[in-house]
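Beneath this line is the structure, given in structure tokens, with notes to follow.
Reckoned from all heavy atoms, side chains included, excluding hydrogens, waters and symmetry mates.
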Amino acid sequence: MASWLSSRDVSGFKFIFFLAIIYTIISLIVHSVLHMKFITPLSIDAPPDRFSEARAIHHIAVLTKDDRQEGRPGLRKAATYIKEQLEMLKERAESNIRIEVEETTVNGSFNMIFLGHSISFAYRDHINIVARIIGERDVFFPLLTGTSIFIWNSPESMIKDFTWRISSADLQETDPSVLINGHFDSPLGSPGAGDCGSCVASMLELARVTVESGWIPPRPIIFLFNGAEELFMLGSHGFMTTHKWRDSVGASINLEASGTAGPDLVCQSGPGSWPSQVYAESAVYPMAHSAAQDIFPVIPGDTDYRIFSQDHGNIPSLDIIFLLGGYYYHTSFDTLDKLLPGSIQARGENLLSILKAFTNSSKLQSARERESKATTNDYKDERAVFFDYLSWFLIFYSRRVAVVLHSIPIAIFFVMPFLLHFWDSRSRSCFAIFYDFVKGLLFHAAGIILAIIFPIILSILQLFFSSYALGWFAHPYLAFLMFIPCSLVGLLIPRTVWGCFPLSQDVSVIKKSEEALAEEARFWGAFGFYACLTSAYLVAGLSGGFLTFSVSASMLPAWIFFSLSIKSSDHQSPRSAVFYVIPLIPCLAYSVYFGGFLTQFLIEKMGMMGVVPPPYGYYVPDVVVAASVGVVTGWCVGPLIPVCSHWLARSSILQLLSHISVLALALSSQFFPYSNAAPKRVVFQHTLATTDVNRIVDSSYEFSVVDSNSLLFLFKYAPEVAKELHIGQELSFETANMSHRETWMGIFPVPFLFSQSLKFPARSDGILKRYRYFPHLSNYKPHSVSSDKSRRVYLEFYLGDLEEVWVAVLNITGPLSSWSFADNLLSVPETIDGGPPSYIIRLSGNSQRNWTFWLEASSSDDLRVEVAVVDQVLDDEARRLKGLFPDWADVIAYSSFMSSYIF
């Protein structure tokens, strides 16, 4: 090595080895934090006053024995089990704790914008289990000296002091309470251990601890186990619009799961900053980032938090979600064994502490009190800034503080040229100094941009040499191994050409070396870059400015240490660079923590983010992940570049990094993108077109996927399925029968995530043997015509003898002017594939009774109603076909009965 490496190259390799050790140690710590290695789950025989993960796991085991989808008997069993557990708790409660348990059925209708699409809902007979825990406590009232009170029939008729027991009898229905919500229904085809059996189990164990720990809640606590979240938050809507306790809710905690593991992150908080402040002050294992509120709107999904805090309650709320383990989210792999040990324990201990904080807070107010104080600071919709540091502690400050604090870095950046000028006014021009700072800023920005562009280019090149996309999906380390080295190359490239652009300051008259001035310009330029980003966050009203503020704030002590170190050693010594790195380690640890978590979350979600139409859709997931790794690399390593690039920007090191990326690229093509731990999602629909009430006119199998590896990839690597469907080697999208989006109307708006769905002929014998009658829409009385010529049509919707109806969807086109749904308010019309304006309504709930409703047309033109009913029953042939898929594919399968009517 010595024969072809210079001494500076050797020093550079030693320094990069030093950095590699630091980042490896940080990564191991971060991995242990994210995977809950520091949490010790308590056993089933833990003390009764402690939350026990093992006891919660027992509840999940019971809940996942049966499918809990709407329309299936397992949902009713789950409701019964939850109610029984609460009733048993009620019997064991001490005299100073009162528990009220209710089973309620909710009905309603409303309009909503979901994922950018307008939908209407009508629902009936969905089950909610609601429990309220009320503490009875004795309050001692001392009387003033010399006064007394007369009590009839008291042994001592004249009493100087007295104690009054405040009980549930004294409680008004509108007195403020705390609501904690979780849903016990599960999505199509999923056992729902994580989503959201883990939430229900945590709530049951939390209720037990509340009752048996000896703690007497100073305010009522409402546990809402809602049975219809997966049908677009219907259970929580029913509670907030019909339940007698709804106006008493002064704060809500919504539990959700977008995976099977922690961290149990606070993804949304509001309105106002009070909920996040309570969390910051009370969480045992704080896991919260206000930046999540900036990211959450782009994720395809929503939670009950929306109902409580935005649409129907304006309740100060927290949205707490399991975010890792997203491979299993809404799949058949969401089973008990996939839950990460420690996640539920951390969640439970956090929730108990948060509940105590909310119930003890003087700011807990009922709906009426909030309305009367809507103008106070506590209830202004002001986003606070908060973030946890490796779950060890949480930093919280208000928006007002953020405005001041986040403005400091940019102020320092602009003031520093003047300070340096005054320190040496005879030799340094403040304008020349500022120009050099701007040069440093531009070079650092160029490095960050190249750190993003290089991985993108590599990802595109990799797709040219591979027969499939998402090569890293089942092996996330491949994404890091492939994209981080080339991102570092991009980050260091500007340093190699720095010397081509001379400084604005005249080195001959300044008592500093050119290298010292260059390092100064690069440092303050990088500092200014992060300061500008912090200010941009601030101006945009976003909450993630702490990400770049923490970097700029950490760079200042690092620069001071570096400046002190070079007094005893020159700029060419690695020792001075080490002194620069050490003060940055806490900042780098946080950057790796947040950046690693974000990248892992994104990789797991790439399997369900939907498909962009060709030709660009094939490249999108790989480009997104590559760009994300580039951003995270720039954030985690960028602060080191101003000083450390002197040792890192060596041609030998850049070559090494490039070789590692190329090797990882070649390696990734040897790995299959899916496994049973990272399955490919497949949607399989048996479509049955019916007419009248008992005739099937067409039957077909429809398939679609939600990632960039198309159905051609699926059938290529699932030969048994291809053989069963009589698919030959020559299959292509040009020759195959395409499945149109309107065919998937039963799961609207999910089909907007699909592209290039395929259709194959299927038999209907099995369905005809199973069912005698199919869904049918008809008039139940003659239509009426009003004086303004509008026409009202009275319809009855019969669901046949389908056994496991999940939802029915109506697509109405024509001159619709009103209807009996959603308080007679029409939703915003949708346009599907260039068709006429459509009004979409989803009907769910008890399928044993017919639906009756009316539609009003503004003219004599026809109203067209297309109906799709999703039944979870498959005939034997469809079930056998589903069983032919390999274990790396998760297949959501159902039957869809479609019919069309004109009125």
Side-chain angles (χ1 to χ4, degrees), residues 30-39 181-183 187 190 192-199 201-202 229-230 253-269 276 279 283 285-306 317-331 333-334 338-348 350-351 354 386-391 394 473 476 479 543-544 547 590 592-609 624-625 628-629 632 677-678 681:
V30 166
H31 183 272
S32 68
V33 169
L34 293 179
H35 290 80
M36 301 293 153
K37 302 294 186 183
F38 62 97
I39 304 290
N181 170 76
H183 67 92
S190 176
D195 183 23
C196 209
S198 64
C199 310
S202 298
E229 190 273 347
E230 298 293 353
I253 304 169
N254 179 58
L255 300 184
E256 254 298 354
S258 185
T260 57
D264 200 23
L265 195 73
V266 175
C267 290
Q268 300 183 91
S269 172
S276 53
Y279 181 90
Y285 305 105
M287 292 171 272
H289 304 286
S290 53
Q293 296 186 116
D294 304 332
I295 301 171
F296 194 86
V298 304
I299 304 297
D302 224 325
T303 72
D304 286 322
Y305 168 89
R306 168 180 177 171
S317 304
L318 294 172
D319 198 16
I320 304 178
I321 308 177
F322 277 163
L323 286 181
L324 294 184
Y327 288 128
Y328 314 117
Y329 175 64
H330 282 203
T331 73
F333 295 93
D334 184 8
K338 300 300 192 301
L339 295 172
L340 189 67
S343 296
I344 294 177
Q345 186 67 43
R347 165 183 273 180
N350 275 349
L351 288 175
I354 296 165
F386 52 90
F387 57 97
D388 73 277
Y389 189 85
L390 278 69
S391 297
L394 190 140
F473 182 64
S543 303
L547 298 171
Y590 181 76
V592 173
Y593 169 63
F594 185 87
F597 164 74
L598 181 63
T599 306
Q600 180 66 33
F601 169 77
L602 196 62
I603 288 174
E604 293 176 353
K605 289 301 179 186
M606 280 296 109
M608 59 169 291
M609 294 296 283
V624 168
V625 169
S628 301
V629 173
V632 170
R681 297 163 189 262

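- Checked against a 6.0 Å centroid threshold, the rings of Y389 and Y593 do not count as neighbours.
- We find the CG-CD1 distance between N181 and I320 to be 11.5 Å, quoted to the nearest 0.5 Å.
- Each of L265, V632, V30 was checked for a side chain to side chain contact (heavy atoms under 4.5 Å, CB included) with F597, and the lone residue meeting it is L265.
- E256 is listed as a side-chain neighbour of C196, based on a closest heavy-atom distance under 4.5 Å.
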Original post:
Should F38 and S391 be marked as a side chain to side chain contact (heavy atoms under 4.5 Å, CB included) after you check the CA-CA gap, both sets of side-chain angles, and the distance that decides it?
Top reply: CA-CA 10 Å; F38 62 97; S391 297; 4.0 Å; yes

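- Looking at heavy atoms from C-beta onward, L339 lies out of side-chain contact with Y328 at the 4.5 angstrom threshold.
- Using bins of under 30°, 30° to 60° and over 60° for the plane-to-plane angle, the ring pair H289/F594 lands in the perpendicular bin.
- Minimum interatomic distance between G194 and A257 (heavy atoms only, all atoms of both residues): O-CB, 3.1 Å.
- Relative to the ring axis of Y329, K605 places its NZ or CZ within 45° and under 6.0 Å from the centre.
- By the 30° and 60° cut-offs, the orientation of the rings of F473 relative to Y327 is perpendicular.
- Residues passing the salt bridge (Lys or Arg N to Asp or Glu O under 4.0 Å) test with R681, sequence neighbours excluded: none.
- For the atom pair CG (D319) and CD1 (I253), the distance works out to 11.0 Å, reported to the nearest 0.5 Å.
- The closest donor-acceptor contact from the side chain of D264 to the backbone of R347 lies at 3.5 Å or more, if one exists at all.
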Subject >> Trace of the side chain to side chain contact (heavy atoms under 4.5 Å, CB included) decision for L34 with Q600 >> reply: CA-CA 10 Å; L34 293 179; Q600 180 66 33; over 6 Å; no

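- Atom SG of C199 sits about 8.0 Å away from atom CG of N254, to the nearest 0.5 Å.
- In terms of heavy-atom proximity, A291 sits nearest to L547 at CB-CD1, 4.2 Å.
- Smallest separation of non-hydrogen atoms from S543 and S290: O-OG, 2.8 Å.
- The shortest heavy-atom contact between P263 and M287 is CB-SD, 3.2 Å.
- Considering only heavy atoms from C-beta on, L323 comes within 4.5 Å of C267 through its side chain.
- Rounding to the nearest 0.5 Å places OG of S258 at 6.5 Å from CE of M608.
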Original post:
Should F296 and T303 be marked as a side chain to side chain contact (heavy atoms under 4.5 Å, CB included) after you check the CA-CA gap, both sets of side-chain angles, and the distance that decides it?
Top reply: CA-CA 11 Å; F296 194 86; T303 72; 4.1 Å; yes

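- To the nearest 0.5 Å, the span separating CD on Q268 from CG on D302 amounts to 7.0 Å.
- Checking side-chain atoms of D388 against main-chain N and O of A288 turns up a donor-acceptor pair under 3.5 Å.
- Residues N350 and Y279 share a closest heavy-atom pair of ND2-OH, 3.9 Å.
- Side-chain atoms of H330 and S190, non-hydrogen and from C-beta on, never get closer than 4.5 Å to each other.
- In this structure A261 satisfies the side-chain contact (heavy atoms from CB on, under 4.5 Å) test together with L324, L340, S343, sequence neighbours excluded.
- S269 and Y305 get closest at one heavy-atom pair: C-OH, 3.1 Å.
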